[in-house]
Amino acid sequence: MALCRSFIHLNSPLQRINTANLLFPNCPSRFQKFTARSLPAPFSSLSSSSMDSPPEGYRRNVGICLINPSKKIFAASRLDIPDAWQMPQGGIDESEDPRNAAIRELREETGVTSADIVAEVPYWLTYDFPPDVREKLKRQWGSDWKGQAQKWFLLKFTGKDEEVNLLGDGTEKAEFGQWSWMSPQEIVDHAVDFKKPVYQEVLKVFSPHLQ
């Protein structure tokens, strides 16, 4: 599906950035290192939950809720479904720690390396693929998963917007066409239906950091 170049209209004004402005000249020449801060209570005592086993039949996945100093949340529109906006997410490699996967996926999908992990959802969250999506991904991945089991992390963006590059770090095919900072309600409103319950739970857990 061709990328829709028109920006969607939301109920509140948002910063809208076109992919054309996110080419490599605006990218930092070298990636800065992430720093993973100690998790604040009550999350600190639950950090080991990252390695708990997810439900069988679900693909292991991480989700990233990236917030800026104004407590707005990063969201981007998919190239294959331009009207579908989502927070960054991606699969966890074999034997990979979920925290490391979150850092890697954020860099691969958005080019962002200036961010600190400040919290995590201390349990796995799952969603099922609709039948048509499941069939599409079965052909794409060569594996038939019921859906995804996700570990979610809250990261604080410490860089500047110019760091965002939807071409990512060049190691993976680009997934997104446009991006914006959104409020929690806008994040839920513009997510695909089968992800909304997970998004609502994630934002509920992270709500103390979003006030």
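This one's a predicted model, so the numbers in the text were calculated from it and none came from an experiment. The chain is numbered in sequence order, starting from 1.
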Please round to the nearest 0.5 Å and tell me the distance separating atom [atom1] of [X] and atom [atom2] of [Y].
{"X": "Phe157", "Y": "Leu106", "atom1": "CZ", "atom2": "CG", "result": "9.0 Å"}
{"X": "Leu137", "Y": "Asp132", "atom1": "CG", "atom2": "CG", "result": "9.5 Å"}
{"X": "Ile103", "Y": "Thr113", "atom1": "CD1", "atom2": "OG1", "result": "10.5 Å"}
{"X": "Ile187", "Y": "Ser180", "atom1": "CD1", "atom2": "OG", "result": "8.5 Å"}
{"X": "Leu66", "Y": "Ile64", "atom1": "CG", "atom2": "CD1", "result": "8.5 Å"}
{"X": "Lys151", "Y": "Gln89", "atom1": "NZ", "atom2": "CD", "result": "15.5 Å"}

Please report the shortest heavy-atom distance between [X] and [Y], naming the atom on each side.
{"X": "Val188", "Y": "Lys196", "result": "O-NZ, 2.6 Å"}
{"X": "Arg60", "Y": "Pro54", "result": "CG-CG, 3.4 Å"}
{"X": "Leu79", "Y": "Ala174", "result": "CD1-O, 3.4 Å"}
{"X": "Glu96", "Y": "Gly91", "result": "OE1-O, 4.4 Å"}
{"X": "Phe176", "Y": "Ala76", "result": "CG-CB, 3.4 Å"}
{"X": "Ile92", "Y": "Ala101", "result": "CG1-CB, 4.1 Å"}

Determine whether a donor-acceptor pair (N or O, by modelled atom type, separation under 3.5 Å) exists between the side chain of [X] and the backbone of [Y].
{"X": "Glu172", "Y": "Glu109", "result": "no"}
{"X": "Glu108", "Y": "Glu105", "result": "no"}
{"X": "Ser114", "Y": "Thr158", "result": "no"}
{"X": "Lys71", "Y": "Leu210", "result": "no"}
{"X": "Lys156", "Y": "Pro69", "result": "no"}
{"X": "Ser70", "Y": "Lys72", "result": "no"}
{"X": "Gln148", "Y": "Tyr127", "result": "no"}
{"X": "Asn61", "Y": "Gly90", "result": "yes"}

With under 30° as parallel and over 60° as perpendicular, where do the rings of Trp181 and Phe74 fit, or are they tilted in between? perpendicular
Please answer: with hydrophobic residues joined when any side-chain heavy atoms are less than 4.5 Å apart, are Val133 and Tyr58 in the same cluster? no
Is there a side-chain contact between [X] and [Y] (heavy atoms, below 4.5 Å)?
{"X": "Val198", "Y": "Gln150", "answer": "yes"}
{"X": "Phe129", "Y": "Lys136", "answer": "no"}
{"X": "Trp85", "Y": "Gln178", "answer": "yes"}
{"X": "Met87", "Y": "Ile73", "answer": "yes"}
{"X": "Asn165", "Y": "Thr110", "answer": "no"}
{"X": "Tyr123", "Y": "Glu201", "answer": "yes"}

I would like to know whether Tyr199 and Trp152 meet side-chain contact (heavy atoms from CB on, under 4.5 Å); could you show each step before the answer? CA-CA 10 Å; Tyr199 277 22; Trp152 276 89; 3.8 Å; yes
Before giving the answer on salt bridge (charged side-chain N to carboxylate O under 4.0 Å, His left out), spell out for Asp93 and Arg104 the whole-Å C-alpha distance, their side-chain angles and the decisive distance to 0.1 Å. CA-CA 10 Å; Asp93 293 337; Arg104 174 182 55 76; 3.8 Å; yes
For Gln140, is the CD atom crowded, meaning more than 12 foreign heavy atoms sit under 6.0 Å from it? yes
Chi angles and distances behind the side-chain contact (heavy atoms from CB on, under 4.5 Å) call for Val164, Trp179: CA-CA 9 Å; Val164 178; Trp179 71 273; 3.5 Å; yes
When you measure from the centre of the six-membered ring of Trp145, is the NZ or CZ of Arg134 closer than 6.0 Å and no more than 45° off the axis? no
Presence of salt bridge, Asp80 and Arg78, under 4.0 angstrom: yes
Side chains of Gln86 and Lys195: any donor to acceptor distance under 3.5 Å? yes
Assess the residue pair Lys146 and Asp128 against the criterion (salt bridge (charged side-chain N to carboxylate O under 4.0 Å, His left out)); give the C-alpha distance rounded to whole Å, side-chain angles, the decisive distance to 0.1 Å, and a yes or no. CA-CA 6 Å; Lys146 299 176 184 177; Asp128 291 342; over 6 Å; no
